[in-house]
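For reference, the structure is listed below as structure tokens.
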Amino acid sequence: MFKLMNNTKSEPLLLINDLNKIFETPGGRVEALKNITLTVNKGELLTIIGPSGCGKSTLLKIVAGLDTGYAGPVLLNGKAISGPGVDKGVIFQEPRLFPWMNVLQNIAGNLSLRDSGVRDRVHGLVELVKLRGFEKAYPRELSGGMAQRVAIARALLRNPEVLLLDEPFGALDAFTRVHMQEALLEIWEKNKTTMLLVTHDIDEAVFLGQRVVIMEPRPGHIRSILPVKLTYPRERSGTAFQDWRRTIMNEFEKVEGPAVDFGSHI
Amino acid sequence: MKKEGAATRLRLAAGNALLGWLLPLAIVASWQAAAALELLNPILLPSPWTIVEEFAALASSGEMLHHLGISAWRALQGFVLGGGAGLLAGIWAGFSYRMERLVDPSIQVLRTLPHLVIAPLFILWFGFGELSMVLIIAKGAFFPLYVNTFLGIRSVDSKLFDVARVLEFRRKDMILKLIVPAALPSILLGIRLSLGIAWLSLVVAEMMGASSGFGYLIMDARSFSITSLVIVGIIVFALVGKLSDSLVKMLERRLLSWQDTYKAEAVKG
């Protein structure tokens, strides 16, 4: 159906078929997700974009196994997701590092740095996320971008089947964000890790995504899935990029409609 | 410029420290002057110099160390017993909501009971002796550690719990790598408060009926109207209390260095 870039094999890794999720709130039942059907191929980099309240973060949480109250099969490698685990790495909007651990300890987490295999791989990841010289630094000494790179290294150490990123650069300043997007792309091209990235930044969605999933609220559902037929690295100022940006924007404008803050109901 | 800034800060810090000494020194000086002019009744308020002499006499005769040793041992026993129980109860209630519902209301009721209300009962049950005293101290030391351990465990960031679940922390890792470090600042505060209360409870216990220890020394001195000895006792109590608090503070700085790194960087930079 879609032509994929970068010669990734088109094996379905994640299968979501008619997923529905309802939040019970004091104000009544809210359909957070409705009829979500999505297939993610191995090695793919998929971005999910939509206004707040469209359920994009909820969708990611379900794939992460952090939210289990839903209807409809969500299969990773053909198996239903039963809970969180290292095969589904998660990067949250905040880095969520352990403040009492330094960079190396944070990446290792529950794995022992005394194990030479672990140590070597941790150091390799420190190289990959360009944090050399900061191995012994504590989270309080790191900038937002650096801390988020530690979180990415921590997830990658576990060789996840899929890396789930929930607005990972949303809290960073514009310059750091662009830099981090490039860094993430580099990591993806080196490691070929399947990635699902949720964002509300159209530029980010176009710059990173092989496909862009556009979601809209009330109830949260997928409006369209657009394959961005551009080679990496993408030139942000190029006309082709701007065309894609406009295409997504147009889809998006249809989504916006009357300004209702759906998010506050959840 | 950096150096200048550091020097200014140092001057300021030294100035502040001196400022803190100004008031007590002025009081002692005028006190000594008033005593020298025989404006004070030496039985009610001996001169500072008499107190220093009393201190020296008590220290050189070995009496001070003897009583201090006995008092410290009692306080330590009570602290270990009560604080240890508080720590365990706090951990237990912190981990289990059912445990919290079961024990917390009762503990909160007991917490409000003053020592002097409980002491007669302990004396009836266990007599005037070591056990009663240690138990009173333990009762005092229990609550701060219980409350702070409980709060420390409950205040672990739920976002970090999500991370630990994603990383597949085992139960052991959850406790040792997440809950204990996260609760440690609270627990150390609990230890500090418990030690302080153990020390305070010691006086109550020893004043009720002991034949040794600093509380006894003060009560004995009072009955013979040796005011200077009473004041020496008060001073020693204050010093030892401060010393034990400083020790825990040092421990805190070592164990919680990850909290300070940022501040240290800021000062350096």
Side-chain angles (χ1 to χ4, degrees), chain A residues 57 60-61 63-68 81-103 105-113 118 134 136-143 147-148 150-166, chain B residues 2 91 94-95 148-149 151-192 248-269:
Chain A
S57 287
L60 209 68
K61 255 196 187 140
V63 177
L66 288 168
D67 191 335
T68 47
I81 289 165
S82 58
V86 289
D87 53 339
K88 305 170 288 286
V90 185
I91 307 296
F92 300 94
Q93 182 166 357
E94 336 79 66
R96 299 198 187 180
L97 303 181
F98 298 111
W100 45 86
M101 297 183 185
N102 64 30
V103 167
Q105 291 164 335
N106 258 297
I107 296 174
N110 53 338
L111 307 175
S112 173
L113 281 165
V118 172
F134 290 92
K136 302 279 179 199
Y138 283 90
R140 295 191 75 159
E141 302 167 87
L142 302 175
S143 69
Q148 200 57 297
V150 176
I152 292 171
R154 175 170 69 182
L156 290 178
L157 178 67
R158 275 104 187 145
N159 290 325
E161 292 274 5
V162 59
L163 192 61
L164 308 164
L165 304 106
D166 188 3
Chain B
K2 230 184 206 173
I91 290 172
F95 274 106
N148 284 287
T149 304
L151 284 179
I153 290 173
R154 282 299 165 84
S155 61
V156 178
D157 192 350
S158 68
K159 289 177 169 180
L160 289 182
F161 263 114
D162 274 352
V163 171
R165 284 170 64 209
V166 170
L167 298 182
E168 292 182 22
F169 273 28
R170 288 169 193 279
R171 209 179 156 72
K172 189 191 92 189
D173 296 321
M174 279 279 189
I175 293 169
L176 293 181
K177 299 210 161 171
L178 175 58
I179 295 167
V180 168
L184 204 57
S186 270
I187 294 175
L188 284 169
L189 177 67
I191 289 177
R192 267 177 77 188
V248 184
K249 256 176 139 171
M250 245 163 64
L251 191 72
E252 233 171 30
R253 226 165 299 149
R254 276 196 85 129
L255 290 174
L256 304 180
S257 57
W258 53 268
Q259 283 188 329
D260 291 333
T261 48
Y262 180 74
K263 271 185 249 161
E265 280 301 301
V267 170
K268 255 194 272 164

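Chain A is the first sequence line, chain B the second, and so forth, proteins listed ahead of strands; every chain is numbered from 1. All values derive from a computational prediction rather than experimental measurement.
Contact annotation for Leu97(A): only backbone heavy atoms (N, CA, C, O) come within less than 4.5 Å of a heavy atom of chain B. For Gln105(A), no part lies under 4.5 angstrom from a heavy atom of chain B.
Cation-pi check for Arg96(A) over Phe92(A) is met; the charged atom lies under 6.0 angstrom from the ring centroid and within 45 degrees of its normal. The side-chain tip of Arg154(A) points at the ring of Phe98(A) from less than 6.0 angstrom away and within 45° of straight on.
A salt bridge does not link Arg158(A) to Glu168(B): none of the charged side-chain nitrogens sits closer than 4.0 Å to a carboxylate oxygen. Between Glu161(A) and Lys88(A), none of the side-chain N atoms (NZ, or NE/NH1/NH2) sits under 4.0 Å from a carboxylate O, so this pair counts as no salt bridge.
Under the salt bridge (charged side-chain N to carboxylate O under 4.0 Å, His left out) criterion, Arg165(B) pairs with Asp162(B), sequence neighbours left out.
Heavy-atom proximity under 4.5 angstrom to chain A picks out Lys177(B), Leu178(B), Pro181(B), Ala182(B) from residues 174-186 of chain B.
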inquiry  = As a quick check of understanding, evaluate side-chain contact (heavy atoms from CB on, under 4.5 Å) for Ile153(B) and Ile91(B), giving each step before the final call.
reply    = CA-CA 7 Å; Ile153(B) 290 173; Ile91(B) 290 172; 4.0 Å; yes
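The most heavy-atom pairs under 4.5 Å with chain B, out of Val90(A), Asn110(A), Leu66(A), come from Asn110(A). Ranked by heavy-atom pairs under 4.5 Å with chain B, the first of Gly109(A), Pro99(A), Ala137(A) is Pro99(A).
Proximity of Leu142(A) to Val103(A): side-chain heavy atoms (C-beta onward) are separated by under 4.5 Å at one or more points. Contact of the Val86(A) side chain with the Pro160(A) side chain is not registered, since no non-hydrogen atoms from C-beta on lie closer than 4.5 Å.
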